[in-house]
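Here the structure comes first, spelled out in structure tokens, and everything after it is commentary.
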Amino acid sequence: MTSLAGLTLPALRSDAPWAFLRLAGGELLVLGAAVGLAVGLSRSPTPVPEIAVEPDPLVELLGFDQPGPVTAARLLTDPLPDMVFPVVVVAGILTYLAGVRRLRRAGSAWPASRTVSWVGGMLLLGAMTGLGVARYGYVLMSAHLVQHVVLATVVPILLIAGAPVTLALRALRRPADPQVRGPREWLRLLLDSRFLRFLSRPPVALAGYVLSLYGLYLTGLLGRLMRYHLGHLAMLVSFVVAGLLLFRVLLGAGRRRVHPAGLIVVHLLAVAAQVHLGLILLRSTSLVAADWYTAVHPAWAPSLLADQRLGAGLWWAFGALPAAVVLLVLVRQWIRGDHGAGNFSPEDPDQSCANPNKERIPCQTP
């Protein structure tokens, strides 16, 4: 049709009216063929496969095929088709490394141990939310409890030990105009806000952590959240947030001159709540989220009650090591008489030092 139009335009310039009729006829012929084909297709019956395939109710409920028996390879592979947490993990690692690179270019050192801790925490976050263990967390209470305790304890401890707030305060540059608020100034406003100061109080952080445990497993909330993707996603985020708030207070980044003895008491109360919940799940004869786990329970798995009791044992096992590490850190700080800011992630932007480029940046707190 393009070639026909190319022949028509020169002919029209030569006063040949038949050329336009030829073009219009060609257009009408193509239009008629398209309309005829559309009418024919609309009256044709929809192709039906010879063997009707019924939708799998489990796939519709879970969003993926039910996993096979638990193996180490399946726990560490077989990722979930969900890109939310992988994007967060990649963005978190790249942003952190960019901050470290900026500090080094400015002539300021940054401990490699903090970088390793942050990257390790992010990778563990991605593994617990995106690999096979997350897939099994949908169908096994035991896998879900392991996922919960790791996300609420190990991941927050590693992330806080990476001191991301300190890195941001040191790496972000102040704007040239002192009247303009840059990212660093907004971060300082957030850290000094009444809301964050309220959340940084040890009783408040402890209450939030305890409520995230008992409110999920003893109220029927778990089964409802499992049925919706956004609900499940919010639940996983709440695990990490509750852990970050608690360990931010315990490990020093969020506390305000709290004696280590008081922090030890807060930590022991959190551990006691966690142990008590595990004891309830171990001794209970009723199932948590029975409607959900009954619907998705694999044929190869142990009984629902046996799996719940297995999860209670794993809950204790996976929570014991991080609890002991935090307790040792608090006792060490008490012995050393360290009643101020903690050693893991100091947030002291008021200290500053000059780098070779004459830029004022916060110094690293010992």
Side-chain angles (χ1 to χ4, degrees), residues 57-89 121-156 212-243 274 277-278 281-282 287-319 322:
L58 279 179
V59 174
E60 293 187 347
L61 191 60
L62 295 172
F64 51 84
D65 293 329
Q66 190 180 63
V70 178
T71 63
R74 287 172 175 165
L75 288 173
L76 300 177
T77 57
D78 199 12
L80 279 174
D82 190 345
M83 293 303 296
V84 175
F85 281 103
V87 170
V88 172
V89 169
M122 276 293 176
L123 292 178
L124 185 59
L125 172 63
M128 297 305 297
T129 57
L131 295 184
V133 62
R135 188 182 294 267
Y136 284 103
Y138 275 94
V139 298
L140 295 177
M141 182 67 172
S142 56
H144 169 80
L145 288 173
V146 170
Q147 188 183 25
H148 184 168
V149 73
V150 172
L151 290 176
T153 57
V154 183
V155 170
S212 70
L213 300 178
Y214 290 89
L216 180 64
Y217 295 108
L218 302 184
T219 63
L221 182 61
L222 176 61
R224 290 193 290 271
L225 293 177
M226 279 289 194
R227 292 188 174 275
Y228 305 98
H229 174 68
L230 290 180
H232 187 264
L233 183 64
M235 178 177 60
L236 297 180
V237 172
S238 71
F239 296 163
V240 181
V241 171
Q274 188 169 313
L277 178 61
L281 297 177
L282 183 64
L287 298 173
V288 175
D291 55 342
W292 170 260
Y293 284 109
T294 300
V296 300
H297 189 65
W300 48 263
S303 66
L304 292 173
L305 191 57
D307 182 66
Q308 179 173 298
R309 290 174 176 173
L310 172 62
L314 295 174
W315 173 274
W316 286 342
F318 280 86

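Note that the structure is a prediction, hence the values are computed from the model and not measured.
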Going by heavy atoms in the side chains, are L145 and L314 under 4.5 Å from each other? no
Please find the pair of heavy atoms, one from L61 and one from A295, that lie closest to each other, and give the distance. CD2-CB, 4.0 Å
Which pair of heavy atoms, one from A242 and one from S212, lies closest together, and at what distance? CB-OG, 3.7 Å
Could you give the distance from CG (L62) to CZ (R135), rounded to the nearest 0.5 Å? 9.0 Å
Sub-4.5 Å side-chain heavy-atom contact between L222 and Y293: yes
For residues 296-318, which residue pairs qualify under ring-ring contact (aromatic ring centres under 6.0 Å, His included), counting only residues two or more places apart or in two chains? H148-W315
Heavy-atom check, side chain of P69 versus side chain of R74, under 4.5 Å: yes
Please enumerate all residues that pass ring pair (Phe, Tyr, Trp, His ring centres under 6.0 Å) together with F85, with sequence neighbours excluded. none
My understanding is that only residues two or more places apart in sequence, or in another chain, count here; which of them pass side-chain contact (heavy atoms from CB on, under 4.5 Å) with L123? I93, V119
Interatomic spacing from CG in L281 to CG in L310 - rounded to 0.5 Å: 12.0 Å
side-chain hydrogen bond (donor to acceptor under 3.5 Å, both in side chains) filter on Q66, not counting sequence neighbours, yields none
For the residue pair M122 and V155, establish whether any side-chain heavy-atom pair is separated by less than 4.5 Å. no
Non-hydrogen side-chain atoms of V288 and M141 separated by less than 4.5 Å: yes
Do P298 and L140 have side chains that get closer than 4.5 Å, going by heavy atoms? yes
Measure the spacing between CG of L216 and CG of L225 and express it to the nearest 0.5 Å. 6.5 Å
Nearest heavy atoms of L287 and Q308, plus distance in Å: CA-OE1, 3.5 Å
Can you name the residues that form a ring pair (Phe, Tyr, Trp, His ring centres under 6.0 Å) with Y228, not counting sequence neighbours? none
Determine all donor-acceptor pairs shorter than 3.5 Å in which one atom belongs to a side chain in residues 229-240; sequence neighbours excluded.
{"residue": "H229", "atom": "NE2", "partner": "D82", "partner atom": "OD2", "Å": "3.3"}
{"residue": "H232", "atom": "ND1", "partner": "Y138", "partner atom": "OH", "Å": "3.0"}
{"residue": "S238", "atom": "OG", "partner": "M235", "partner atom": "O", "Å": "2.5"}

Counting only N and O atoms by type, is there a donor-acceptor contact under 3.5 Å from the side chain of R309 to the main-chain atoms of L282? yes
Does the D307 side chain pair with the main chain of P302, one donor and one acceptor, at a distance under 3.5 Å? no
Minimum heavy-atom distance between A134 and M128, given as atom pair plus value: CB-O, 3.5 Å
Closest heavy-atom pair and its distance - V149, G319: CG2-CA, 3.7 Å
Of the non-hydrogen atoms in L76 and L131, which two are nearest, and what is the gap between them? O-CD1, 3.5 Å
